[in-house]
Amino acid sequence: MAGPLPPGLHPDTLAVRAAVERSPFGENSEALYLTSGYVQPDAESSARRFAGEEDGYTYGRTSNPTVTSLEQRLAAMEGTEAAMATASGMAAVMLMCFSLLRAGDHVIYSQSMFGSTMKLIGSEFARFGVESTAVPQTDVDAWRAAVRPSTKLLFAETPTNPLTEVCDIAALADIAHKAGALLCVDNCFATPVLQRPVTLGADIVMHSGTKFLDGQGRVMAGALCAPEAMVREKFLPVQKNAGMVLSPFNAWVVLKGLETLKIRLQAQSAATLALAQWLEQHPAVARVHYPGLPSHPQHTLAMRQMSGVGGAVLSFDVKADSPQQARARAFHVLDELQVMSLCTNLGDTKTLLAHPASTSHGKLTEAQRQAAGIGQGLIRMAVGLEHADDIKADLLRGLDTLNTIS
Ligand SMILES: *Cc1c(COP(=O)(O)O)cnc(C)c1O
């Protein structure tokens with residue numbers, strides 16, 4: 001077999017097959033090209049490549065074949081024409097905003113988005129004259145009401161961290177397009193296995209490859225999946241100069257991760273649903289937040305938008321009479337763990353637990369946290385691949401001994 005793949009292959013096939021063509025050595029697995037420069041065949045070709053008139057590798061800040069393999073595979077899985085990989089998820093947000101916005105432009109984003117995303121747009125880009133409005137994640141009318149003549153971008157993340165709030169991608173795409181703006185969706189939690197935002201009208205899909213795409217908590221990575229013209233004409237020129245490129249080694253690790261993304265996410269999501277149902281019954285638990293549960297406020301929308309699967313992240317509130325007691329109880333549950341990890345990452349094969357109120361949302365005031373629904377008793381779980389009985393036993397160590405603390 002040689003040459004390009006035939007058209008019409010399914011996403012499952014593309015997840016293991018889409019990549020750059022094999023080198024003359026005929027390697028079956030994608031090669032790892034650790035090189036910063038590329039030898040040019042002749043001076044005329046070199047000139048054409050630098051002028052962008054001919055495809056070909058020139059320098060590592062512009063492109064690398066292993067990184068290109070990852071971009072092609074992720075684009076194929078998301079159903080976009082192209083993709084551009086970046087050094088981290090935040091580098092992808094940075095690259096998108098830097099490429100598409102200028103002073104005076106306006107961005108609308110959800111107030112439940114990833115903390116660094118909100119800071120980057122709401123504070124850092126504000127210093128350069130980019131205006132923004134944060135709106136409630138699930139309130140479509142609030143998104144519509146926030147539109148201004150200068151609105152260029154709507155930026156949503158669904159489901160969100162840590163409360164797994166779900167927004168209506170198709171409705172937001174409609175609002176964006178009527179305003180002459182673009183919709184970008186951070187697809188970190190659902191991944192293309194469960195949710196393909198472009199099929200619902202989104203223009204750009206942003207990823208933190210650090211999470212489920214790598215899937216084993218080893219490397220930082222990010223990507224923007226978008227139309228070919230946008231990648232080539234908007235993202236590439238900025239990336240070339242700004243240099244937030246993904247290392248080929250990290251690209252190779254994530255490329256490998258994409259091959260098992262579907263089976264990992266299916267297994268981890270099934271385990272998360274079972275765990276969510278079990279936690280809902282536990283007397284020490286006040287509430288479980290998980291899109292796969294009928295008690296989730298956007299359950300119907302989530303099931304429609306996410307292939308009927310809730311994903312592999314849930315959060316729950318321990319019962320308590322006061323914020324102080326809630327914090328002490330949540331800390332007790334976390335400190336009793338012997339198997340699972342106290343770790344703020346997610347999307348790993350190892351189950352990771354975190355206390356959002358003192359970590360990812362630690363800088364908010366208590367009032368802001370209350371408004372966001374992030375109580376002191378809230379624990380987030382990114383469920384991995386351990387046996388369900390071991391996960392439950394590890395939680396019960398703390399949950400069943402809450403009466404031993406003051
Ligand atoms: C982690 C994360 C990011 C940022 O990605 P990094 O790779 O850590 O830079 C953005 N969005 C979401 C939803 C995330 O979970």
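Just so you know, ligand 1 is whichever comes first in the structure, and atom 1 is the first atom listed for that ligand.
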Checklist entry - Taking only residues two or more places apart in sequence or in another chain, which ones pass side-chain contact (heavy atoms from CB on, under 4.5 Å) with Ala270? => result none
Taking only distance into account, with no hydrogens and no angle test, what donor-acceptor pairs under 3.5 Å do side-chain atoms of residues 372-384 form with protein atoms, sequence neighbours excluded?
from: Gln376; atom 1: OE1; to: Arg327; atom 2: NH1; distance (Å): 3.0
from: Gln376; atom 1: NE2; to: Glu366; atom 2: OE1; distance (Å): 3.1
from: Arg380; atom 1: NH1; to: Asn161; atom 2: OD1; distance (Å): 2.7
from: Arg380; atom 1: NH2; to: Thr344; atom 2: O; distance (Å): 2.8
from: Arg380; atom 1: NH2; to: Asn345; atom 2: O; distance (Å): 3.1

Checklist entry - Is the cationic atom of Lys152 (NZ for Lys, CZ for Arg) positioned less than 6.0 Å from the six-membered ring centroid of Phe125 and within 45 degrees of its normal? => result no
Checklist entry - In order of chain and number, which residues sit within 4.0 Å of ligand 1 by heavy atom? => result Ser88, Gly89, Met90, Phe114, Glu157, Asp186, Cys188, Phe189, Met206, Ser208, Thr210, Lys211, Met220, Ala221
Checklist entry - Crowded around Lys319 NZ? As in, over 12 foreign heavy atoms under 6.0 Å? => result yes
Checklist entry - Considering residues at least two apart in sequence or located in another chain, which fulfil the salt bridge (charged side-chain N to carboxylate O under 4.0 Å, His left out) criterion with Arg287? => result none
Item to check | Short N-O contact, Arg22 and Glu27, less than 4.0 angstrom | outcome: no
